[in-house]
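Before any comments, here is the structure.
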Amino acid sequence: MATAMDLGTANAILTKLDLLSVEIARIGERQRQTEELIEEFTPILKEVMATATDRLDHFEKKGYFAFGKEALGLVDRVVEGFSPDDVRQLGDAVVSILDTVRALTQPDVLAIAGEVSQVLVRADEAKPIGIVGMMRATRNDDVQRGMAVMMELLKHVGRAASAASKSKKPRAVVRQSARLALPAAPTKVDRSAPKRAAVCTPRNEPVVAATVIDGVAFTADGHVVDPNAWTRELGEKIAKTQGLPLGEVQWKIIEFARKEFLETKASPNIRRITQAVGLSTKEIYLLFPKAPARTVAKIAGIPKPAGCL
Amino acid sequence: MDAIAPTQRKVALICSHGGLDEVYPSLILANAARQSDIEAMIFFTFWGLDAITENKIDALHVNLAGNASNTMPTVIAGLPGMESLAASMMGKQMRELDIPGVREMMGILDESGVELYACELAMKMFKREKKDLIPQVKDVITAGDFYDLSVGAQIIFT
């Protein structure tokens with residue numbers, strides 16, 4: 001039993017050894033082949049190197065390297081001209097630029113563009129149409145589809161535009177507002193003052209003296225021609241002819257009116273007076289029952305108030 | 001400064017439309033009259049009643065459709081909300097010029113001594129009562145009453 005087993009084991013070992021020797025022979029063969037390859041390749045490589053050198057020399061002569069140097073110079077200039085931030089942004093943008101280019105060069109997009117360009121080439125043959133023609137054209141299926149596409153396009157353009165304007169730097173806005181502020185016409189009325197009841201600007205008619213009383217010239221409607229000729233006594237005299245007694249409150253109003261005219265070159269209307277002195281319209285009418293703003297202007301020695309209010 | 005006192009002038013305005021732009025002429029003219037020492041009264045009739053009706057006075061519209069001065073195409077002007085939009089734009093411009101709003105204007109007119117009247121027939125037509133009107137309205141009167149009150153006045157219809 002034991003001998004038989006030994007025999008079996010020895011057979012198995014022999015078989016394995018055979019296999020091993022075959023493997024070794026194959027490795028040896030490969031080694032030899034590699035050596036042969038290198039041997040054979042060496043002259044070829046030498047040949048290639050020589051050719052390559054020749055070629056490079058040829059390129060040099062043709063000016064490729066000079067071009068390359070120039071190109072490097074170009075890169076230098078680009079580097080000088082753009083900050084790292086710019087380049088980073090460009091890098092970010094490159095992806096979207098490529099995406100856009102890819103999307104625009106899809107065959108179906110190109111087909112549409114091709115067709116559109118055909119139409120544009122024949123644009124001079126198109127017949128002009130009016131609004132009725134336009135309405136009629138919208139019945140066409142193709143036009144309807146085109147309109148839908150255009151609408152979608154518009155929607156996206158609008159969305160992109162509003163997104164872009166949101167992210168825009170305030171600098172642009174400032175520049176625009178500055179441009180808008182430029183042509184503002186100079187006006188006699190001080191616009192910076194809040195709540196100014198200057199609905200109509202004062203007329204610039206030459207003031208004509210109609211009568212002269214006590215050496216002071218008056219217009220036909222009873223206003224002093226030269227506000228600088230006015231005195232407090234003159235004001236009291238004018239008030240007396242109107243049958244008006246002048247108390248503290250009345251003087252407050254008259255003084256305000258004079259101050260207002262001297263500052264703005266416009267006599268205040270009743271609305272301006274009520275706002276400034278803190279009295280109601282009714283109270284002003286009680287103090288100056290007839291045409292209050294005009295009466296105040298007369299007594300204050302300033303022109304008739306302009307405007308409709 | 002002459003001693004000759006002119007006869008007291010008086011105007012009677014009739015406000016028959018309720019658009020913001022249609023109401024203001026009466027209000028401005030009445031106010032200007034008082035500013036020029038002219039007596040003034042306003043008679044509000046038909047749609048003009050809206051200008052003195054408590055729940056309408058603050059929301060008067062601007063008529064766009066059928067308005068020759070409106071440059072907007074009628075098709076667009078007729079869209080819902082366009083009139084109140086136009087009214088709010090006009091209101092903004094008026095505020096910029098410091099023109100008082102309709103309600104404030106009524107107060108100013110009343111304080112200036114302008115008499116405001118409502119038309120009785122129009123009140124019946126629109127089923128409104130005196131209590132629906134702003135407090136500055138002096139009375140609800142008939143067309144005949146209007147003539148009695150406007151004796152010696154120049155009558156202006158707007």
Side-chain angles (χ1 to χ4, degrees), chain A residues 131 189 191 193-201 209-214 216-224 237-243 267-276 279-298 304-309, chain B residues 1-11 13 21 23-42 73-76 90-116 134-136 138 156 158:
Chain A
I131 196 140
V189 181
R191 299 260 168 204
K195 281 269 180 185
R196 178 60 44 91
V199 177
C200 310
T201 46
T211 46
V212 178
I213 298 169
D214 294 345
V216 180
F218 285 86
T219 61
D221 47 17
H223 291 262
V224 174
K237 251 184 218 171
I238 298 167
K240 203 175 273 178
T241 62
Q242 304 275 321
S267 300
N269 57 23
I270 187 163
R271 188 162 164 75
R272 181 86 189 108
I273 293 171
T274 55
Q275 284 167 352
L279 291 171
S280 72
T281 308
K282 197 168 195 166
E283 285 162 331
I284 302 285
Y285 268 96
L286 283 172
L287 295 168
F288 302 96
K290 290 184 172 186
R294 282 192 192 179
T295 308
V296 168
K298 275 180 192 171
K304 189 166 84 176
C308 297
L309 286 174
Chain B
M1 301 242 125
D2 288 332
I4 308 155
T7 51
Q8 178 63 48
R9 277 183 73 187
K10 185 175 180 179
V11 291
L13 293 138
D21 52 328
V23 165
Y24 263 102
S26 300
L27 307 187
I28 299 281
L29 283 172
N31 185 55
R34 294 302 298 131
Q35 288 295 301
S36 310
D37 191 25
I38 298 171
E39 281 180 27
M41 62 177 278
I42 310 178
T74 303
V75 182
I76 295 167
M90 190 173 279
K92 189 170 164 272
Q93 282 177 345
M94 285 176 164
R95 275 193 297 283
E96 276 168 15
L97 287 170
D98 197 26
I99 301 172
V102 178
R103 190 184 281 277
E104 193 188 349
M105 201 71 194
M106 294 296 183
I108 290 171
L109 291 179
D110 182 46
E111 289 191 16
S112 309
V114 177
E115 293 176 350
L116 309 177
I134 55 167
Q136 289 90 350
K138 198 174 175 188
I156 305 169
T158 68

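Note on naming: letters A, B, ... go to the chains in the order of the sequence lines (proteins, then strands), and numbering restarts at 1 for each one. Just so it is clear, the model here is predicted, and its values are computed rather than measured. No hydrogens, no waters, no symmetry mates; every other heavy atom, side chains included, goes into these values.
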Subject >> CA sep, side-chain torsions, deciding dist, call: R294(A), D37(B), side chain to side chain contact (heavy atoms under 4.5 Å, CB included) >> reply: CA-CA 9 Å; R294(A) 282 192 192 179; D37(B) 191 25; over 6 Å; no
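The NZ atom of K290(A) sits 6.0 Å away from atom CD of Q8(B), with the distance rounded to the nearest 0.5 Å. Remark: I270(A) CD1 to R34(B) CZ distance equals 9.5 Å, nearest 0.5 Å. Here the OH-CD1 distance, from Y285(A) to I108(B), works out to 9.5 Å after rounding to the nearest 0.5 Å.
For A293(A) against Q35(B), the heavy-atom pair with the smallest separation is CB-OE1, 3.6 Å. For the pair D98(B) and Q275(A), the tightest heavy-atom approach, listed with the atom from each and the gap, is OD2-NE2, 3.3 Å. Here the closest non-hydrogen pair linking E111(B) and T281(A) is OE1-N, 2.9 Å. What you find for C308(A) and A32(B) is that their closest heavy atoms are O-CB, 4.2 Å.
Only the side chain of M105(B) comes within contact range of chain A, with heavy atoms under 4.5 Å apart.
Within the 4.5 Å cutoff, the side chain of P100(B) has heavy atoms near those of the L309(A) side chain.
In this structure, K10(B) places its NZ atom where more than 12 heavy-atom neighbours from other residues, nucleotides or ligands lie under 6.0 Å away.
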